[in-house]
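By convention in this document, chain letters (A, B, ...) are assigned in the order of the sequence lines, proteins followed by strands, and residues within each chain are numbered from 1. Predicted model only: the values in this text are computed from it and were never measured.
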2 protein chains.
Amino acid sequence: MKARDFKNRIYTELSAIAKALANPHRLEIIDLLAQGPSSVEYIAKNTGMTIANASQHLQTLKSARLVKAERRGKYSFYSLQSTDVFKLWKTMRELGFAQNAQIGKLLRDFRKSRHNLESVDSDKLLDRIEKGEALLLDVRPREEYEAGHIASAVSIPKNELLERLKSLPKNKEIIAYCRGPLCAMADDAIKILHEHGYTASRLEAGFPEWDTEGKPVD
Amino acid sequence: MKARDFKNRIYTELSAIAKALANPHRLEIIDLLAQGPSSVEYIAKNTGMTIANASQHLQTLKSARLVKAERRGKYSFYSLQSTDVFKLWKTMRELGFAQNAQIGKLLRDFRKSRHNLESVDSDKLLDRIEKGEALLLDVRPREEYEAGHIASAVSIPKNELLERLKSLPKNKEIIAYCRGPLCAMADDAIKILHEHGYTASRLEAGFPEWDTEGKPVD
DNA sequence: CCAACATTCAATAATTCTATTGATTGTTAA
DNA sequence: TTAACAATCAATAGAATTATTGAATGTTGG
């Protein structure tokens, strides 16, 4: 094979990976699948897509080998092909945050509009939890908590928070987390907690970021 | 802003980065710009594109903030916006090699067809050069060598190799390197060296990989 | 100023991508 | 077996991407 032919083929193959990532819905799907395996219906509901459209995008991701599908009864469960896929997405996301002022501004403005500028440094967090100064609250849907969560975290899904408020202590700081930096569930939870007199702040990272950093999970 | 609107906007912005990478020519441009700043003409010549087409792709990369342009006289010199862009491309490339058997096979078959299966481990290389057992040969075009090269490397561009063979020692192993794992220039050089009785092998990494690993460069 | 040259711009046709729609294929539970 | 349901398939119109062509812009050196 000529060197030129080889280059054409290999750059074409590699650009197929970028093509699979080159769509906002598919990025959101990857962010969601980083929480754990999900059915097509669940993905569609959580991203605001129709079932058919979600299915189509999932197949695009599958043929680029970024996700895999497993049949369980009448459901297809999709999951990331490997954690390296999440790492690639995270690398790309961070390049966007660092390099594109518009993207950074979008994120900051959104946080600001929720009165939630400061987020907790994850390094010091473990200490504070052990000392009983802080409580870690997972506000994602139950399914995602059960698929994997940060060690010692308590699960109260965002839409159950109001009715289960009383189970939370007022003498500890409550650290809420959700799917990751682009997820608003923890922000919403904090707003509710503040309105009811709790001390609460947000963990910037979500479960997948925590997990890929090798920190303790259940 | 509603959470849904925020997500739509931020995933759309981030997918613009992937869109810019979602083309084989643009990936090849990034691989080339990782060697150092280049004019449009140089890029076009080295990737087999027309000037107008190269210019158009460069503008696509520029508006995604992956590359930047600087005017020098009548030339526009393009370069990567930051080394993080190279790191993103490298992450994507490695995911492709690891996850897609077809891509891995393409690379192996190409190397095999050039009788060049083994490549040198870059960790032990520095020692061997210091001991005088090996000589590092940069076979990229002069411009790229001058823009930056591995410390202690000697420059003989691939197409000058035949006429400058005599300047190379026969009692040392010659380690050739070029732009990186997708570049064939080092393979071509090794073929020539073998045909003339030299001991030669290839460094898998190119200059940009070496540099981003923090190893010594000039 | 003019000629030469590097690059960009503008227009276009061919191709590819995307969301929607409705039909079809599998699977489970009654 | 049938009804209900999850997912996929197939077709399609509208939008976006791409290579090519030739013209336009901007810079340098004489």
Distance in angstrom units between [X] [atom1] and [N] [atom2], rounded:
X       : N      : atom1 : atom2 : result
A:Lys74 : C:dT27 : NZ    : P     : 12 Å
B:Glu28 : D:dA19 : CD    : P     : 12 Å
A:Leu21 : C:dC17 : CG    : P     : 14 Å
A:Arg71 : D:dT8  : CZ    : P     : 7 Å
A:Lys19 : C:dT18 : NZ    : C1'   : 14 Å
A:Leu61 : D:dA7  : CG    : P     : 16 Å

So, for A:Gly180 and A:Arg202, which heavy atoms are closest and what is the spacing to 0.1 Å?
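Where A:Gly180 meets A:Arg202 most closely, the heavy atoms are O-NH2, 2.7 Å.
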Looking only at side-chain N and O atoms, does [X] come under 4.0 Å of OP1 or OP2 in [N]?
X       : N      : answer
A:Asn23 : C:dC17 : no
A:Gln59 : D:dA7  : no
B:Ser55 : C:dT8  : yes
A:His25 : C:dA19 : yes
A:Tyr75 : D:dT8  : no

Would you classify [X] as touching base, sugar-phosphate or nothing, given that sugar-phosphate means primed atoms plus P, OP1 and OP2, and contacts are heavy atoms under 4.0 Å?
X       : answer
B:Thr60 : nothing
A:Arg26 : sugar-phosphate
B:Gln56 : base

Any residue in residues 40-54 of chain A with a heavy atom nearer than 4.0 angstrom to DNA chain D? Just list them by number, or reply none.
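Close to the strand are A:Val40, A:Glu41, A:Ile51, A:Ala52.
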We want to know whether A:Ser55 and A:Gln59 form a side-chain donor-acceptor pair, criterion being a heavy-atom distance below 3.5 angstrom.
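The answer is yes; a qualifying pair exists.
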Report the end-to-end axis angle of the helix from C:dC1-D:dG30 to C:dA30-D:dT1; each axis comes from five terminal pairs, and the value is rounded to 10°.
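About 30° separates the two local helix axes.
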